[in-house]
Amino acid sequence: MPRLHVAPPPSRPLHALTRAISPALEACALTHLPRTHIDLVRARAQHAAYEHLLEELGCTVERLPAGLDMPDSVFIEDTAVVFDEIAIITRPGAESRRGETAAVAAALPAYRSGIASIEPPGTLDGGDVLCLGRRLFVGTSGRTNAEGLAQLRALVSAHGYTVEAVSLNDCLHLKTAVTAVADDTVLLNPTWVDAAVFADVHVIEIDPAEPFAANALLVGDTVVYPDHLPRTFERLQEHGLDVRLVPADELAKAEGGLTCSSLLFFP
Ligand code: CIR
């Protein structure tokens, strides 16, 4: 029986840093999908609907200008990992994306006094960092290397976080394969990540007909979810979760999911 409740806005308002879609989006990096035409007008409308929903859920949204020559800059999640105690500017694994961090590094000092950076030869994409409380799961993907993971561990362990490396099969980032949908529950694609890694939390598996369905964005107690994945949406509802849908299939052509388009943190 689904739980019937309307989630209140998070008690402490979250700040959502987003970034406008670059006119160069069609030249985005692609690893697991073929290149297809991306409709910029439609992508921008969907991105605006996403920002609007974040506002409805109580977030303050701050949109940084597009990186004009940075096709993937809308996927701001990959450029930083922001904790209450420290913000870490990443060094993205794709060389084409390294220039994206400057604008984010310039915006974050308004919110955090402690700012650190991943240094060469380390690479780390924010899409590989899944936080469950003080436990960080870090995907050892094609974008995040052992040195980047070690630097992250060194930076956060002083603040009481643990870091566990997680290997992946055939997907871009850890959060392509698994995301949190409640404090103690993850949504997971078992063909891309070993469900045993998450043995001590509840696991909801995606519908196998929707391999890209594991990327959901948790805002307070509400799960923000793409409206083009109906089978897995039904599973989330069956678990009694409060789910709000947004259109997201245009940015999905650039291998972007919902977590990718914002950095959420307490200001
Ligand atoms: C890339 O390949 O880097 C972009 N086209 C997609 C990045 C998506 N970001 C994410 O999953 N965190």
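We count ligands from 1, going down the list as the structure has it; atoms in each ligand are counted the same way.
The two residues L25 and A254 have their closest heavy-atom pair at CD1-CB, 4.2 Å.
Clustering of Ile, Leu, Val, Met, Phe, Trp and Tyr side chains at separations under 4.5 Å leaves L68 isolated, with no partner residue.
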Could you list each N/O atom of ligand 1 together with any protein N/O atom closer than 3.5 Å, one pair per line with the distance?
| residue | atom | partner | partner atom | Å |
| --- | --- | --- | --- | --- |
| ligand 1 | 2 (O) | A29 | O | 3.3 |
| ligand 1 | 2 (O) | R143 | NH2 | 2.9 |
| ligand 1 | 3 (O) | R97 | NH1 | 2.8 |
| ligand 1 | 3 (O) | R143 | NH1 | 2.8 |
| ligand 1 | 3 (O) | R143 | NH2 | 3.4 |
| ligand 1 | 5 (N) | A29 | O | 2.8 |
| ligand 1 | 5 (N) | D72 | OD1 | 2.7 |
| ligand 1 | 5 (N) | A254 | O | 2.7 |
| ligand 1 | 9 (N) | D78 | OD2 | 2.9 |
| ligand 1 | 11 (O) | H173 | ND1 | 2.8 |
| ligand 1 | 12 (N) | E77 | OE1 | 2.8 |
| ligand 1 | 12 (N) | D78 | OD1 | 2.9 |
| ligand 1 | 12 (N) | D78 | OD2 | 3.3 |
| ligand 1 | 12 (N) | H173 | ND1 | 3.4 |

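Checked against the 6.0 Å centroid criterion, the rings of F83 and H159 do not qualify as a close aromatic pair.
The backbone N or O of R91 lies less than 3.5 Å from no partner atom in the side chain of T123, so there is not a single donor-acceptor pair. Not one N or O on the side chain of R19 forms a donor-acceptor pair closer than 3.5 Å with the backbone of R63.
Note on ring orientation: taking the six-membered ring where Trp is involved, the planes of Y225 and F233 are parallel (angle under 30°, cut-offs 30° and 60°).
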